[in-house]
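Below, chain A is the first sequence line, B the second, and so on; all start at residue 1.
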Amino acid sequence: MKKVGVYICHCGTNIGGTVDCHRIAEELGQEVGEVVICRDYKYMCSEPGQKLIRDDIRELGLDHVVEASCSPKMHEPTFRNACSAAGMNPYLFEMVNIREHCSWVTEDPEAATQKAKHLIRAAIARVVHQTPLKGSTKSVNPTAMVVGGGIAGITAALKIANAGYKVYLVEKEEIIGGKMAQFDKTFPTLDCSGCILTPKTSEVGRHPNIEILTKSELLEVKGFVGNFTARVLQKPRYVSIEKCTGCGDCQKVCPVEISSPFELGMTTRHPISRPFPQAIPNTYSIWRAGMPPCQAACPAGVNVQGYMTLTGAGKYGEALALVRERMPFASVCGRICARPCEDACKRGQVDAPSAICYTKRFLGDYEKEQGIDWNPPRKDPREEKVAVVGAGPGGLSAAYFLALEGYQVTVFEKLPVLGGMLAVGIPDYRLSKEVLDAEIRMVTDLGVTVKTGTAFGRDVTFESLEQDGYKAVFLATGLHVSRGLNVEGEDLEGVTGGIEFLRKWALDGDVTVGSSVVVIGGGNVAVDVARTAVRLGAKKVELVCLESREQMPAWEREILEAVEEGVVIHNSWGPKRFLESNGHVSAVELKRCTSVFDESGAFNPSYDEAEVLELPCDSVLVAIGQSSERLLLDQLGLEIAPGGRISVDPDTLATSRPGVFAGGDGVLGPATFVQAVAHGRQAARSIHSYIEYGGLRPIEAKEKPVPPEISEAERRRTPPISRHQMPMLEPEVRKNSFAPVELGFSEEMAQKEGQRCIECGICCQCGECVRACGPQAIDLSERERVRELEVGAIVVATGIDIFDASRYQEYGYGRYPDVITNLQFERLCNASGPTQGKVLRPSDGTVPQNVVFVQCVGSRDRAKGYEYCSKVCCMITAKQLSIFKHHNPNGQPYVFYIDNRAGGKGYEEFLRRAIEEEGAQYIRGRVAKIYQEGGRLVVRGENSLVGAPVEVEADLVVLATGLTPQKDYTSVSRALNLATDKYGFFMELHPKLGPVETALTGIYVAGAAQGPKDIPESVAQGGAAAGEVLTLFSVGQVEIEPTVARLEERLCTGCRTCVELCAYSAISFDDSRKTASINDALCQGCGTCAAACPVAAIRVQHFTPDEIYAQIEGILA
Amino acid sequence: MPKRRVAIYSATGCSACDNSILGLHYQVGAFTGWAEIVFWPYLRGDSWQVLEDDRQIDVCFFCGSIATEEDRHAALRLRAAARVLVACGACAAFGGLPGLVNLIPADPTEMSTSSQDTWPPLPRAKSRVSGLPGIVPVDYFVPGCPPTQPLLWACFQALVSGGESQIRASFSAARLPEAISTAVAAGVLPPHGSTFAGEKAVCASCCRAKEEKKFSRLYRGHELDPDAGRCLLEQGLICQGLATREGCGGLCTAVGVPCRGCFGKAEAVYDAGAKMVSAISSTFDAAEAGQASEMAARFVDLAGTFYRYTLAEQCALLAGASEERNDAIHGS
Amino acid sequence: MQYTVLEPLRWQDRPARISVEEADGRLNAYYQITVPWQVSRMCLGRPVEEIPRILPILSPAHHIVSAMTLDRLFQVEPPPLAVNMRQALISTQYFVHHMRKLYFLFCSQIDPFREYHIRGNDSGKPFVSSRVLDAMMHGVALAEEAATILGGRPEHPVSVVPGGVGRFLKPPHYERLAEIAEQSLKRAMEAARAFHERFVNGSEISTGILELHLEPVASLALSRDMSHILVTDEAGNEKAPIPPESVFETVGLHFEPWTYQPFAYFLEKDWKGPEEGMERFFVVGSLARLNTGRPYDHSLAETERQLLLSTLGSPPHFSLIAAFWSLVTELIDSAESMKEQFTQEKLTGPAIRSVPVTMGERGFASMESPEGFIAHRYEVNDQGLVQSIQVLDAASENNAVRCAIARAVIEASRSGTVERDRTKAMIEVSLLPF
Amino acid sequence: MTQFEPKIVAFLCNWCSYVAADAAGVARLVQRPNVRVIRVFCSGMVDPGYVLKAFASGADAVLIAGCHPGDCHYISGNIKAMRRSFLLHKLLTDLGVEKERFRLEWIAASEGPRYATVVNEMTEQIRKLGPFRPASGSKPERSELTCRKEG
């Protein structure tokens, strides 16, 4: 028989006042067989109480002890230690909560007594099943990570580092210092905040034991106390901390200015800058939000924001060079591009997208007009020869980039002209031969050899090229055959393929069309064909397509222009057959197309054969699609994907034959010009790595794009400016001529369009700074990376955010420039701030006379803000009005307050001084409304002491915004599994006794992340957290709780149910034994596996099923 | 050593257990050297008078569930007469398939109205079917529907032949736990209350390959032709092999149909239904409550599936008749 | 009034007894099944696809007929391979069932267990030598092994599923099955020889056990092609065949308060107990198949049948010897079927299973099990849970015939001075083939 | 006749709901005395068998309370509890346990008042429902199932 001792605590009257402890003790002593001794006592947690337990264990030889008192969260360790001290294993002890769960919440004493008895009975039933457990120890990795570089984090980091341990200081922003760096002075001493902070930050900066990770965020933490692995996402600074000298040359050339978050929007900054001269790290960095949507949308990845910004700044050469990095044919592209960039442009969400394409066209044309060459320099010539097959946009751009790299490039082209579809598929009125030839000449001028009239497969083959010493081949053969319709009469005279028609016109200039032409097809080629037919003198041109007007794949502007030129469009019709007259086509019979795509979205038209339309005509041009030459494909001996496309690796464009790459339409199917160019560049890079490194190196890491939706901040900096319209030829004129329809932008128009860019990526990566930087410290190709840090302890000091005052709409924050937050006021006072330390109104820069401070904005307000008191605002306001008075002794501060809270050393005296010596008028009451009247602000509130409404005229209103949890607190709490309160402040282990510890051993919380705090408190907590960390490190090892899952191998069937369930990957499958296997060190004891194990082979120690079942039985007995 | 006196009795059940024992006899042909069968109504037509000479029965194999008053009296009588009482087969051990009737409460008007008053009398049916342990304490269990011959042989070897039999059948398929196989070999009584079967679950001896338990969709038995050689549960079929005691060697899963648990719950399991629920639903491929709820909605008749053979004795909520059992304990 | 209870009866699938009532010179024998067998309560609310795994407790053949019912319910046609495998499984069931019955007959005068080891000095007298008994039970064991290969488990098979069967067989399986078929035929012929030696040519008919004739009664069995139910009247005249689907409208079940098993009877006649005449009842099983029968396809079985007919005359037969002899012919037939069916060609194919895509509301199927005609009908709700279930297990519902046999035996034994145990033994043997 | 006092077993997660129960105590939020707490490390630790055990041992209702999804101290134990709850509900229903008798709630450490509300609400709900009688069998609606008499 087990011997159980039961102890029931009165907790003064906390328990004893409701629960009849004595009666329970007597009854249980008699009723339960295992109970050897059952005592009740006033305060069991007191030393005499604990002694009772110790003595009984020794004298009565107790096996198990049950203690009924307060929550185990409070005193479980106390009693466990008492048991230990008497030589009993602490896991043979069980605690019952009869205070929080019983006496405090139950009104009826009898019911409370009964409930308490049941709870205790359950614990007795449970405790006899408990077995002695012993934890294991693990050594501690004496490296700390401090998350958050504010004053609390700085303090913790310095103290740990000074004790000789390595510290990683992880900071989200580009500098450390946190909110304190933004303050001007501190209360109640009016010390200069910067003067007391910067010595600390620079100490951190040069401390050999501290490694600062700026622009870094915690992603995930695994492991356990003493042995954590943290994954930290480090965003690029783009400026090397080692190389940067802080000279500031970069800042001077930066074309972008953006509202400064550090200055709370009261001034602007360049993306490359540093917030203030003493900032640590004391180097510049670049603020880049990510890849802008225009660039992300561009298949060729042209840096649109960069060249737009440069154009806006009038730096056309630099802008064009930037275009050429990825798009050699600026003029061509500017004329015929599909413009996915403009669809993505965020300005489109405000008014209309920037005219990106036309601006690019201007740049290309400008170069030619001015007779300058802004191509990048060609690298030293190399010996290797590369063959490019096909002189379309893909082939030519591959040749361009390969030639720049120094290769000996030969382009083989079957047609007699260069340019592929650009030359023979796009009519002159869209792209004139002169423009095209000029850009092609730019390629050939780089030393590219051209062999026209040379067909691949006929005149050259892979083998012959190999023999001729070509190291690599790029196939860009395109699609040059019109697809057929497969309807009756298709082979009649007068029915021609659209592509053949355009090609013949382009090459021979000798095509005739009838007077009445029907064009079949709804794509751009069809429209081009139709418009060409108009220009060739057709009287009537009708375009027939399956799609409805909205569904037509041709570009809207092309269709509009065609209609302007007299083309008639018949939508939703499909050809049924061609009618004949003397062997020549005489009419097209059409049937109604009811839908083009089937339910799965595949092209699968359905018709209503009953509805028929007959169009008389004498020519039909069929432009319903392109295909490649089957013959050519068959000869290649390459792997061919379905649909007659060459199959390639999408990243490298490598085909199944080594050294052979393919791209453009032949790979993609009918695609756009810009896609072909993208492929050309991609192929050039792949060929270069193939030849240079003998392998295919991974393509450059892509930058993450910014969100496609326009943000509030972006909207604020985007006043509507209307888009410039492209000057065009009149329809009547252009109808009869092949002269270009679009006339091009003027310099001024292009520059203005450049200025319309809203800088979605913040930094535009134009490269101006790179060119300006003497020490070559800037690398724009830096990408974010994830670092894995092995640490033994973590201090979370992520600080606070400021309440968003615009949530009080009636205060007009954001609408009235002279309503500012108190943090903005700090910046106004600060010598390195936007006004160089002069307190001036943001609206007109005048010195304010009446300044009204509004307290508790967002604090102590259940309706709109937070319920809690932000604790520091009363003192901040007292401080700020004092500073204001020092700046402007004649000024009059008013304060609308709820209560004045000045608990703290010297605080009350300071506040008193502000009231009595500075003459501030304190009005008790909430502000109802702030409005503008005749150029002055009027603050209307209530004087609750008088009980009357009051209105104060103000030049400046300062809102004492409350402190809130960081907006992204969840990312930290999830990474660490750290509990927060309902607001988002991190939960400490105990509100009184464990203020910096958390529920997770080895993770500590310091500063305002735990709740609103002033500087001294944050510093104290930082120190306290450091103390905890140092205690851990100096002990050097940690006890691992024995309450982990244990596997009974005898029972395990190896069904693998548990393996995938474990969130800590602590369970693996042992193939040799055919059972699961649990890693103690990783197991956290959550018990998910035990609950799921279908054969109950896993049990969590101290929470075994027999213990729980006994407890259930006892609780219901 | 005098021959052990053996009784074999069938209560409410089919004759499969009897036939299995019969088959054992002729297949192995050994144990009658140590046993004298004194009572076997099925094969010998023995009447209860045989037991009236007050000589103890050494081992009684009790087959069938307890569905009538007569069954109950037989159980009490044999318990009193036998030194060792073995619940043989799923019916005796857990109530078996007949126990399923407990899911639908008996309607007295629909049950046979027979009573002792009319003639000829018919044993009164109990309102709830139970297994043998619901009526009397049981010493050993031989599960299965019907028990497989290796298990029966192991049981006879241990309890009847006293380990003297020279014939050692192969028990490898039965995967007896060490305690029992040692006892079988030595001819001593295994630990009281032992089950002559494995201690792991059917999965351990199932021939199908297990990869990853992630339950993304339930298939009813008829809806899926499962891949050969892959775990049935992982393919979306409910297979109770997960929480069922092994010993059969995975007979059902070997022929492509999922286990239904005729060996009862695995050794350490409290309630097989709860364990099946937990094991399957824990691995639901669902992060949101809506998804999980949708997946659960496809399941039907959990009680009739998870307690197919064990409803009467092993379902924590419906196992009953404990009062009767107490009577028996205190009455004897 | 005098009451006698004869119990327990040997070899009955479920505990049963005979209660005899003698009053006013009238004798009534009640065949009572004393355990309830509540199939509906077990099956209602179950997913319908699970029924083939529950109903085999009635007899192994119910597994197959249940799956066939589901084929109809799910409107799915099992592939030919699956049909072959099911047929092969049925053959093993015939073999096991018939062989066991003959075994019981052969050792009906001894305690087979006592006999086993102490050969030669027994008190009783076996009809056949122990060697033959061994061989017969070995045959049972082999056929059960075949049943395990084909059905997963011998007594309660599991492998037949809606639309087919659960698994493919592998080469070792074919080899073993072929071996078993060979062996089984040997055992069957051995048992037949013993039967002839002792019962047909020997003296056992004159010992009185098998001389018994039961009152002529109709016979009911399913035709070979399963397309209709054949019924012959007590005089052997063939009646209009019954479509299987309407069997529940033709054959009714009647419950008596003194037994847990209902009586199957022709609904066209009002219910009256067997003591009131046998015209509404019928016999099923091997005797019924003999009486309604057609020639066998297999030569050895057909030879045996011809021998039976030439010895006992043309059907209908109502003698016990005919009943046992029909078991023997069918035993041979089943062994020959096994030989024919257990080949790689028959049991190999492209598919074992068609997966259903629809579910109907009801399903029906019937078959001729070793014990006799059986039929299932289920109705399901939209979730596929069983709403109602009808099961005709004609063999176990053959109570009227059993009552009549018992009465006949008692009446026969009353004429002499037959001891009670002997009467009981004779009843047990007489009930064996039914 | 005194009114029926249901017995409710609550399995509370050590990190949130148990803390919430403590917080409710600290705030002296009066609760019905019918709920008895068993502390577990995580709602994902609660084996459905525990729930059945509680009912089998005489509980009238069972409450499992854990951290809100995403807040689990053990990353995702509560998600496992959530997944199990649906199938467990089905099993309980099959076994004749009314839906109301088993609840899974998310109660964060800060939600002391909510804990008290859940306790009181559930107690009243179960009081109305009456005591749980085990072994009553499920009731597949008899009207739906035509239960034929058979041997």
D:Arg84 and B:Ser281: side-chain donor and acceptor closer than 3.5 Å? no
So for D:Val51, is it side chain, backbone, both, or neither that comes closer than 4.5 Å to the heavy atoms of chain B? neither
Non-hydrogen atoms of chain D under 4.5 Å away: do they reach the side chain of [X], the backbone, both or neither?
{"X": "B:Tyr270", "result": "side chain"}
{"X": "B:Thr283", "result": "backbone"}
{"X": "B:Glu288", "result": "backbone"}
{"X": "B:Ala272", "result": "neither"}

Among D:Ala81, D:Ser85, D:Ser76, D:Gly49, who wins on heavy-atom pairs under 4.5 Å with chain B? D:Gly49
Please identify, among D:Leu52, D:Leu92, D:Ile79, the residue contributing the most non-hydrogen atom pairs under 4.5 Å to chain B. D:Leu52
For residues [X] and [Y], report the shortest heavy-atom separation together with the two atoms involved.
{"X": "D:Leu91", "Y": "B:Ala274", "result": "CD2-N, 4.0 Å"}
{"X": "D:Asp94", "Y": "B:Ala303", "result": "OD2-N, 3.1 Å"}
{"X": "D:Leu95", "Y": "B:Leu318", "result": "CD2-CD1, 3.8 Å"}
{"X": "D:Ala56", "Y": "B:Leu317", "result": "N-CD2, 3.5 Å"}

Can you check whether B:Val300's main-chain N or O pairs, donor with acceptor, with D:Lys90's side chain at less than 3.5 Å? no
What residue, out of B:Val269, B:Thr305, B:Asp301, B:Ile280, has the most heavy-atom pairs lying under 4.5 Å from chain D? B:Asp301
Partner chain D: residue of B:Ser293, B:Gly273, B:Ala316 with the largest heavy-atom pair count (under 4.5 Å): B:Ser293
To the nearest 0.5 angstrom, please state how far the CE atom of D:Met82 sits from the CZ atom of B:Phe284. 10.0 Å
How many angstroms lie between atom CZ of D:Phe86 and atom CD of B:Glu294, to the nearest 0.5 angstrom? 10.5 Å
Tell me, do D:Asp47 and B:Lys275 make a side-chain contact under 4.5 Å, heavy atoms counted? yes
Flag the pair B:Asp271 and D:Lys53 as a salt bridge only when some basic side-chain nitrogen lies within less than 4.0 angstrom of an acidic carboxylate oxygen. no
Does B:His73, at its NE2 atom, have more than 12 non-hydrogen atoms belonging to other residues, nucleotides or ligands within less than 6.0 Å? no
